[in-house]
Amino acid sequence: MATSSEGDRPWQSYNTAYTNAKAGMDGVDKEKVQRVVYEMSKGSKYFENEQRKEAFIKQKIENLRVQVDLLTDKDISHFQMIANKRIIELEASRDLSKIWLHVDMDAFYAAVETLENPSLRGRPMAVGGLSMISTANYEARKFGVRAGMPGFIACKLCQDLIFVPTNFEKYTFYSELTRKVFRRYDPDFFATSLDEAYLNITEVCISSDEVASELRNAIFEETGLTCSAGVAPNRMLAKVCSDLNKPNGQFILPNDKDAIITFISSLPIRKIGGIGKVTEHILRDALGINTCEDMLQKSAFLCALFSSCSSDFFFSVGLGLGRTDTPERKMRKSISSERTFRATKDEAFLFHKLGDIAETLSIDMQKECLSGRTLTLKLKTASFEIRTRAVSLQTFIHTKEDILKYASRILKAELPISLRLIGLRMSQFRDDKNSNLDPMQKTIVCFLSGECDSPSARSLQKQDCVNSDKLEIQECLDFMEGNSMQDLELDFPASDDHTIERHCDKFCFSEYHHSVSNSVAERRELNDSCVDEFRSNESLQPNEGTHSVESSKHMKEVSLRWIDDYICSVCGIELPVSFIEERLEHLDYHFAQRLEEEESSQRRIHLAPVERCSPKASHARQAPRKKQKCSSKELNHIPIESFFSKFKKNS
DNA sequence: GGGCGCGGGATAG
DNA sequence: TTCCACTATCCCGCGCCC
Ligand SMILES: Cc1cn([C@H]2C[C@H](O)[C@@H](COP(=O)(O)OP(=O)(O)OP(=O)(O)O)O2)c(=O)[nH]c1=O
Ligand SMILES: [Mg+2]
């Protein structure tokens, strides 16, 4: 440990952020880099925050060491038995039947910029700005400049460094080109970022070496970009391998257990994906673990100190085991936007920023047709402390106004505060996966198109399905035929009233009112002291006798017009109402509808499959509503035009 | 006790 | 003169509810 010489060379104790071995960093004067970084950082707010975090981790390590010291010989042999058993089980699961290839483009953003501006070739260059750089080319790396380093420090390390601003459209374009090549080798390849992908080449592989060379050549031919590749029996090892001969190189690890053991034994644990700065630090200083092999040597202690989930992971690393299956494609779980600015406590400025962020987030959500019910506000204080505050709503939101409304309330609760960053994230998207759907059920849109199992139909289901409130179509049809509305019930997501109050006791959040009832209005007055739209738990009870009665004939017309409007506004096809009516007669499908309570009172119709099970709670009763035109503004971005074009031809 | 929601943290590109 | 990004995912611990 360098602690003894800390007095002389304080930079050695400053975190190892830029010192971990990285491609292109051989032969760099690490001591000098470390010193410059330290000199530039020392005394800054950022630095102080890092020191706080570091101290916290040191404390954690200290606690672990105490735990280790307390272990008796008996304890140790006990945990050793458990560990051995687990290791044998894991070893038994070893699968050497697959061949995985990991591709990683070299200095990707920088390489793309160089391609578009050849004068940059051979000169040290970084993509990003003075505050942060995304990556640097290999010329710049010789100076110690690297991804995640602030630009102003990089400048000190390399006087002639050229900065190029990021341009994601370019990177996306070139990423697409590389993926075209990947697809030829494995149509089911899966990309983990713009510049990385895993390919299962088991089937196409005669010689791994040749496949890798051929692939890299093809990529270079078709894009002008170089990449590195790693081939191994599982994804964890393939990723390690792709980094070994970077840039523009490859490394093949044969599907042979002895070769794997040899390979893994001397490998520093930091090379493994999932083991970062902190884990490396903890395992080294608490248990003396440096290489993957050490994971097995110290298995008893890993068992004693960590959860079985964590120790399993550590043992897998020691054995060189990794996933060999192809993961199913997952939809995104959250979407966010955040901005950094000069730290300030000027509230007008902060709220203005919040509005900007809400707007970009809303635009991004609309691009992907997302609507979410959990909003998370992220703040970074002037001292770099990160705070997050979340609310889960009863309704799904995606407009700037809605996002800003709730975000403002949360932010108000944090004032006064000096901030340097504000971010907003939406999650818990509206999605059929959120409710136990019968996957055999199809959407109304599907039905109308007659293409129930087409991929576009599935993607449509993913994007535009379940709502917080739904009407069973059969019930709706019953109603249309003159039955009572009394039996129609709405399905709310689980109520989070208490949660909201608990976590943000200064504010009460408005609920989504499905019917305008006197009782709600009355309660609103009673709770006037709280906020504008308070909603008590009592209001979750069904509202009695509040709906007016309109003729069922009229309702039927209205319902059919809704659907007609929906289809029209989405894809511009005007269908005869009688056609829709005829189609609907055959359905055991459902449609969901949603009434915006906001000033615009826009009505949005969502077509959705619905679970067969009865609604969990019946909080409100549906009241008949007046017909309103669908808002095409909200619907236009739903990318189902191509889907409907099929339908157009047929009709 | 399982599930949910929140807040913090680690990791990666 | 300037003084460390942005997007996303997973995991853990905690408190609460059913
Ligand atoms: C590591 C990192 C990468 N990126 C971007 C820029 C990178 O070009 C791109 C791919 O990341 P990396 O593959 O990690 O880095 P790289 O491709 O630039 O260099 P190499 O693989 O040869 O070591 O992701 C960031 O924006 N921020 C980061 O912190
Ligand atoms: Mg790369």
Side-chain angles (χ1 to χ4, degrees), chain A residues 15 17-18 20 22 37 39-50 53 56-57 60 104-105 107-109 126-135 146-156 165-166 168 171 175 191-197 239 243 270 272-282 306-307 309-310 313 330-343 357 360-361 364 373-380 382 384-393 410 420-428 434 493-504 616:
Chain A
N15 84 63
Y18 309 114
N20 73 329
K22 239 245 154 194
V37 171
E39 290 299 330
M40 297 292 294
S41 305
K42 144 185 93 164
S44 69
K45 291 271 198 298
Y46 173 84
F47 182 85
E48 284 168 17
N49 189 252
E50 288 301 302
K53 281 157 57 181
F56 193 78
I57 292 165
K60 195 171 164 181
D104 185 331
M105 305 303 295
F108 186 55
Y109 293 2
V127 177
L130 275 180
S131 65
M132 181 57 61
I133 65 187
S134 288
T135 196
R146 51 179 301 173
M149 180 179 273
F152 65 90
I153 292 181
C155 277
K156 269 281 183 316
T166 49
F168 284 100
Y171 315 139
S175 177
T192 50
S193 70
L194 282 183
D195 91 316
E196 273 180 43
K239 175 136 174 67
D243 201 52
R270 183 65 188 276
I272 272 82
I275 297 182
K277 190 179 104 179
V278 175
T279 309
E280 177 191 37
H281 195 167
I282 289 175
F306 300 99
S307 70
C309 179
S310 299
F313 170 67
K330 285 180 282 186
M331 278 190 299
R332 69 152 77 236
K333 294 190 166 65
S334 69
I335 185 165
S336 67
S337 176
E338 66 185 52
R339 291 290 171 264
T340 294
F341 40 83
R342 293 277 293 274
I357 294 159
T360 51
L361 180 58
D364 288 350
R373 56 177 284 267
T374 299
L375 176 66
T376 306
L377 174 73
K378 174 177 169 182
L379 307 173
K380 195 190 283 177
F384 287 83
E385 181 197 340
I386 306 237
R387 290 184 204 167
T388 61
R389 297 288 176 262
V391 271
S392 291
L393 310 168
I410 314 176
R420 74 185 327 275
L421 173 146
I422 295 179
L424 289 172
R425 175 165 67 251
M426 289 289 319
S427 50
Q428 298 261 35
N434 272 343
S495 165
D496 305 311
D497 279 17
H498 306 294
T499 318
I500 289 170
E501 286 163 17
R502 192 176 71 242
H503 287 281
C504 193
K616 271 181 277 181

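Chain letters run A, B, ... following the sequence lines, proteins first, then strands; residues in each count from 1.
- Taking the nucleotide of DNA chain C with the nearest heavy atom to each of A:Ser310 and A:Arg339, the more 5' of the two is matched to A:Arg339.
- Taking side-chain N and O atoms only, A:Gln428 has no distance below 4.0 Å to OP1 or OP2 of B:dC4.
- Closest contact between the side chain of A:Thr340 and the listed nucleotides B:dG7, C:dA5, B:dA10 involves C:dA5.
- A:Ile133 comes within 4.0 angstrom of nothing in the nucleic acid, heavy atoms only.
- Atom CZ in A:Arg342 sits about 14 Å away from atom P in C:dT1, given to the nearest Å.
- For the P atoms, the distance from B:dA12 to C:dC4 is 24 Å, rounded to whole Å.
- Remark: A:Thr388 pairs with no residue by the side-chain hydrogen bond (donor to acceptor under 3.5 Å, both in side chains) rule, at least two apart or across chains.
- Straight-line distance from the NZ atom of A:Lys60 to the P atom of C:dC12: 11 Å, rounded to whole Å.
- The side chain of A:Lys239 contributes an N or O atom lying less than 4.0 Å from OP1 or OP2 of B:dG13.
- Across B:dA10, C:dA5, C:dC6, the shortest atom-to-atom separation from the side chain of A:Arg420 is found for C:dA5.
- Across all strands, A:Ser307 comes closer than 4.0 Å only to sugar-phosphate atoms, never to a base (heavy-atom distances).
- Between A:Phe168 and A:Tyr109, the ring planes are perpendicular. Angles over 60° get that label, and only those under 30° would be called parallel.
- At a cut-off of 3.5 angstrom, counting only N and O atoms as typed in the model, there is no donor on one side facing an acceptor on the other between the side-chain of A:Ser336 and the base of C:dC6.
- Distance A:Leu130 CG to C:dC3 P: 10 Å, rounded to the nearest Å.
- Phosphate contact (OP1/OP2 of C:dC10, side-chain N/O of A:Lys330, threshold under 4.0 Å): present.
- Following rounding to the nearest Å, A:Arg373 (CZ) and B:dC4 (C1') show an atom-to-atom distance of 9 Å.
- The shortest distance between the side-chain N/O atoms of A:Arg332 and the OP1/OP2 oxygens of C:dT9 is not below 4.0 Å.
- In the set C:dC6, B:dG8, C:dA5, the nucleotide with an atom closest to the side chain of A:Ser134 is C:dA5.
- Between the CD1 atom of A:Ile153 and the C1' atom of C:dT2 there is a distance of 13 Å, rounded to whole Å.
- Within 4.0 Å (heavy atoms only), A:Phe384 reaches sugar-phosphate atoms of the nucleic acid but no base atom.
- When each of A:Ser334 and A:Met149 is assigned the nucleotide of DNA chain C with its nearest heavy atom, A:Met149 is the one assigned upstream, toward the 5' end.
- Mapped onto DNA chain B by nearest heavy atom, A:Thr192 and A:Arg387 fall at different nucleotides, with A:Arg387 at the one closer to the 5' end.
- Other residues, nucleotides and ligands contribute only 12 or fewer heavy atoms inside 6.0 Å of the CZ atom of A:Phe56.
- Following rounding to the nearest Å, A:Lys380 (NZ) and C:dT7 (C1') show an atom-to-atom distance of 13 Å.
- Distance from the side chain of A:Thr388 is smallest to B:dG8 among B:dG8, B:dA10, C:dT9.
- Exactly one of A:Glu50, A:Lys53, A:Arg420, A:Glu48 qualifies for a side chain to side chain contact (heavy atoms under 4.5 Å, CB included) with A:Phe384. That residue is A:Arg420.
- Taking atom CZ of residue A:Arg425 and atom C1' of nucleotide B:dG8, one finds them 11 Å apart after rounding to whole Å.
- If you take CZ of A:Arg389 and P of B:dG5, they are 18 Å apart, rounded to a whole angstrom.
- Remark: A:Lys60 pairs with no residue by the side-chain hydrogen bond (donor to acceptor under 3.5 Å, both in side chains) rule, at least two apart or across chains.
- Heavy atoms of A:Ile272 sit under 4.0 angstrom from primed sugar atoms or phosphate atoms, though from no base atom.
- No side-chain heavy atom of A:Val127 sits less than 4.5 Å from a side-chain heavy atom of A:Phe108.
- Distances shown here put every side-chain N or O of A:Ser392 at or beyond 4.0 Å from the OP1 or OP2 atom of B:dG5.
- The nucleotide whose nearest atom lies closest to any side-chain atom of A:Lys277 is, among B:dG7, B:dT11, C:dC6, B:dT11.
- Within the 4.0 angstrom heavy-atom criterion, only backbone atoms of the sugar-phosphate kind lie near A:Ile275; the bases stay farther away.
- Note on A:Gly43: nothing from the nucleic acid sits closer than 4.0 angstrom, heavy atoms only.
- A donor-acceptor pair shorter than 3.5 Å cannot be found between the side chains of A:Ser134 and A:Thr166.
- Comparing A:Gly274 and A:Glu385 by the nucleotide of DNA chain B that holds the closest heavy atom to each, the one mapping nearer the 5' end is A:Glu385.
- Residue contacts shown for A:Thr376 are absent, as no nucleic acid heavy atom lies under 4.0 Å away.
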